[in-house]
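Below, chain A is the first sequence line, B the second, and so on; all start at residue 1. The figures that follow rest on heavy atoms only: side chains count, while hydrogens, waters and symmetry mates do not.
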Amino acid sequence: MTSPSTRTAPTPAPVWPDPVFGAFCTAGLWPGLGKRAVAELPGAGITTPDDVTAAKLLKMPRVGKQRAERLFSSFLSAAPTYEVVELLVKAGLEAKLASSAADSLGDDAARRLRDDPWALLGLTNVRLGDADRLAISLLPGADRQDSRRGRAIVVMTLRTAARDGHTVLPADLVVAALRAEGVADAAAAITAAVESADVLAHEPPEPEWDEDSGEEPPEPDPALRTLSLARYGMAEEEVAEGVARLAATAERIADPAAVRSVSKGLDEAQKQAVAQVLGAGVSLLTGGPGTGKSRTVAAVVRLLKAKGTEVALAAPTGRAAKRLEELTDHPAVTVHRLLQAQGFGGGFARNEEWPLDADVVVVDEASMLDVELTSALIEACPDGTHLLLVGDPAQLPSIGPGHVLGDLIDSGAVPVTELSTLYRQAEGGAIARLASAVRTGELPPVDSPDREVVVVPASGSGEAARRVVQLVTDSIPRALGIEPRNVQVVTPVHRGPAGTIELNKALKEELNPGDGTVFGFDVGDRVVATANHLDLEPIGFANGEVGVVTGTGEGTLDVAFASGPVTVPGDALPDLKHGWAITVHRAQGSEWPGVVVVLPPEAGGMLSRPLVYTALTRAQQHLSIVHASGAALARAVREVDVRPRRTRLAQLLRENLSQA
DNA sequence: GACCACTA
């Protein structure tokens, strides 16, 4: 423990004679040199890059010979970053950008920025204005019509669209974006972008034309021309090709008699799904929560295991993989692990060259698959592999761009079994009725005299938050007999009075007050994992899992997760948060006896049908909806999605189908 | 302008 009296007074911030060196140091870009040490550099006579020697570093407080040498060599190795800082400081931009520039542009980042200052837009959090300033500083006479600038705006526009899930954008929208930034020759900018190979242009399909009509062939409608970032455009093409390839090379795995042998207890649709996997190269199994998707998968796994067929199970998230493993009693991993991801953007070890060796690959929660991961998965499936995607297209779409599951369904290119009979919730119960109405875009008034569903109106997010606490701690246990530990609060947002942060504070105050002895947690706190730690003893935990703190140690926590107990060491503690209230996104894939959904007014803009549907289908016995978002709720449910994703996959799949 | 996964 450090007592306040032994702490050194903060050294006043030095004024640097060399602004580039000063900016480099104070932005924390010198690896291994902390804030406090930076302030001590001038005291050791180090104020310019030429002053940096092991001998001078040795004069600093708490720096021994070994550390001095290490700091000296880390300074030398940061030379590429230093060069970028030089460019940024002269342009009046933040030095902090230099580290991400060196990361994403490589060791010759400075040279690349001198060649094309707008390459700066390749980093996150850089605005066009910043890149323009760098250009003016580096290229005397640079102007808004520079072709490199136009090219960068095209890429930037497509990248922004990708953040909203789109893989393609109509060329007209890109032209409008170029015009808005003062680019006179939009067509030239698009051509430059396409020539740089970062961007693909997709010509509209040729219109139907009767050759004998004697008329001129009609021009394709140029308004249908689209553009994509090459990585997403190509990924969609790879998925479409891969689906066609697997469909063409599949051989039947088992005969109908074998299906009958494992089908005990399955309904007709579920049996059909089992038969479908055995026959088709790529097949889909869809349906809402409680329709028996997992039971069906378990039957498929039983059948294949009995036949000695190699089956691989995977899911896009750690928690979904864990659940799949429990339900099927067969190992399941994340799709990333299945493909042996090589780290951040490092590609996958399992690919076309070293494909998977399973005969059947099953991916659960397939609505979470984005187009790049899907293309990597399909590439790693050799000819003859059967791929089964299981998911609910009505739930939240993938985080990354693409609309893979929905496009596969819409294309009609692969067989789909849709399960619609509800087994879990009481059939005809208020939760089930509301869920199926929302699934089809309706929001009927709630009619639930038995209080299975209760709507609690609130006038603002502050009142909404108070209602939530009251429901969890008082009304729901008292009136319905569901204890607080079986109730989960679900909200769209982290911030604001009705976001996870404030709600958790208020709920902790009521349910388990304490001062947070270990990393802000006390015994009895509910926690949620925000990252995977699947290797911890004895069984690890997955991102999104909810548990309860059962004990504390020396900087460690014992947590009882639904899947089992885990001792969480200090370095994993930042990946735990309080879990009485969690976001809808995080709640996806889990269910609780009682659920309180909060819809605060500030979430109005992000409400969509999939979000509302996902939120309310988390409830098994009781659902309270604290409603403060006014007309935005009905609008969100009515419109399919506030912003439907623009993709090309369904069209590509249909084209392959018509050519076959 | 908000949310969210995976990986070392």
Side-chain angles (χ1 to χ4, degrees), chain A residues 103 124-125 127 159-165 235 314-324 332-351 363-377 380 391 395-405 461 490-496 498-501 528-536 540-545 571-572 574-575 577 581-590 597-615 618 629 632 636 641-643 645:
Chain A
D103 283 349
T124 43
N125 295 328
R127 276 170 304 190
R159 198 179 287 131
T160 306
R163 273 197 281 275
D164 285 336
T317 69
R319 189 164 37 93
K322 255 190 155 181
R323 216 197 31 197
L324 183 61
V333 292
T334 63
V335 177
H336 283 84
R337 286 204 176 198
L338 180 70
L339 301 178
Q340 296 177 23
Q342 301 295 290
F344 298 92
F348 299 92
R350 305 315 284 268
N351 51 29
V363 179
D364 199 2
E365 297 287 358
S367 59
M368 296 174 171
L369 283 176
D370 67 42
V371 71
E372 284 193 303
L373 188 58
T374 311
S375 104
L377 174 69
Q395 292 198 35
L396 288 165
S398 62
I399 290 166
H403 185 233
V404 176
L405 185 63
S461 46
V490 167
T491 166
V493 288
H494 286 302
R495 289 158 203 268
T500 57
I501 299 166
V528 59
T530 58
N532 286 335
H533 285 272
L534 298 164
D535 300 328
L536 291 179
F541 61 84
N543 190 354
E545 276 196 90
D571 60 351
D575 297 326
K577 303 279 178 287
I582 63 177
T583 59
V584 179
H585 281 85
R586 222 174 262 302
Q588 185 169 22
S590 297
V597 175
V598 203
L599 301 170
E602 58 269 26
M606 68 175 294
L607 291 185
S608 65
R609 188 192 297 177
L611 185 129
V612 174
Y613 178 79
T614 303
R618 301 308 96 209
S629 53
D641 197 322
V642 179
R643 280 158 302 181
R645 294 185 167 195

Trainee: Would you kindly give the CD-to-C1' distance between A/E602 and B/dA2, to the nearest whole Å?
Mentor: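 Answer to the nearest Å: 11 Å.
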Trainee: Just call it for A/G544: base, sugar-phosphate, or nothing, with non-hydrogen atoms closer than 4.0 Å on any strand.
Mentor: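 If one applies the 4.0 Å heavy-atom cut-off, A/G544 turns out to touch nothing in the nucleic acid.
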Trainee: Once you round it to whole Å, what is the distance between P of B/dC6 and CD of A/E545?
Mentor: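 It works out to 11 Å between those atoms.
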Trainee: Would you compute the distance between atom OG1 of A/T160 and atom CG of A/D164 and round it to the nearest 0.5 angstrom?
Mentor: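 That separation rounds to 8.0 Å.
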Trainee: Whole Å only: how far is the CD1 atom of A/I501 from the C1' atom of B/dC3?
Mentor: 13 Å
Trainee: Map A/R495 and A/R319 onto DNA chain B by nearest heavy atom, then report which one ends up closer to the 5' terminus.
Mentor: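 Upstream on the strand: A/R495.
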Trainee: Looking only at side-chain atoms of A/D164, point me to the closest of B/dG1, B/dA8, B/dC4.
Mentor: B/dG1
Trainee: Under 4.0 Å between a side-chain N or O of A/N532 and OP1 or OP2 of B/dA5?
Mentor: no
Trainee: State which of B/dC3, B/dA5, B/dT7 makes the closest approach to the side chain of A/A341.
Mentor: B/dT7
Trainee: Would you mind telling me which of B/dC4, B/dA8, B/dA2 lies closest to the side-chain atoms of A/T583?
Mentor: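 Of the candidates, B/dC4 comes closest.
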Trainee: Measuring from the side chain of A/D370 (C-beta onward, heavy atoms only), which nucleotide among B/dA5, B/dT7, B/dC4 has the closest atom?
Mentor: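 Given the options B/dA5, B/dT7, B/dC4, the side chain of A/D370 is closest to B/dA5.
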Trainee: Whole angstroms only, please: what is the CG-C1' distance between A/L339 and B/dT7?
Mentor: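 Going from CG in A/L339 over to C1' in B/dT7 covers 12 Å.
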Trainee: I need the CD-C1' distance between A/Q395 and B/dC3, as an integer number of Å.
Mentor: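 The answer, rounded to whole Å, is 16 Å.
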Trainee: Report yes if at least one side-chain N or O of A/R586 is closer than 4.0 Å to OP1 or OP2 of B/dA5; otherwise report no.
Mentor: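 For A/R586, the contact criterion (side-chain N or O under 4.0 Å from OP1 or OP2 of B/dA5) is met.
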Trainee: Check for a donor-acceptor pair, side chain of A/Q340 on one end and backbone N or O of A/L338 on the other, with a separation under 3.5 Å.
Mentor: no
Trainee: May I have the distance from A/K322 (atom NZ) to B/dA5 (atom C1'), rounded to whole angstrom?
Mentor: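 About 17 Å, once rounded to whole Å.
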Trainee: Grab the CZ-P distance between A/R337 and B/dC6 for me, whole Å please.
Mentor: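 Rounded to the whole Å, the gap is 10 Å.
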Trainee: Report the residues that fulfil ring-ring contact (aromatic ring centres under 6.0 Å, His included) with A/H494, sequence neighbours left out, ordered by chain and then residue number.
Mentor: none
Trainee: Could you give the CZ-to-C1' distance, from A/R350 to B/dT7, as a whole number of Å?
Mentor: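 Rounded to whole Å, this separation is 17 Å.
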Trainee: Hey, is the side chain of A/H336 poking within less than 4.0 Å of OP1 or OP2 on B/dA8, counting only N and O atoms?
Mentor: no
Trainee: Taking it one step at a time, do A/R323 and A/T317 satisfy side-chain hydrogen bond (donor to acceptor under 3.5 Å, both in side chains)?
Mentor: CA-CA 10 Å; A/R323 216 197 31 197; A/T317 69; over 6 Å; no
Trainee: I want to confirm an ordering. Mapping A/R163 and A/Q342 to their closest nucleotides on DNA chain B, which one lands closer to the 5' end?
Mentor: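 Checking each residue's closest nucleotide, the 5'-ward one belongs to A/R163.
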Trainee: If I take atom OG1 from residue A/T334 and atom CG from residue A/L324, how far apart are they, to the nearest 0.5 angstrom?
Mentor: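 It comes to 12.0 Å.
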Trainee: Does A/T334 have a side-chain nitrogen or oxygen under 4.0 Å from the phosphate oxygens OP1 or OP2 of B/dT7?
Mentor: yes
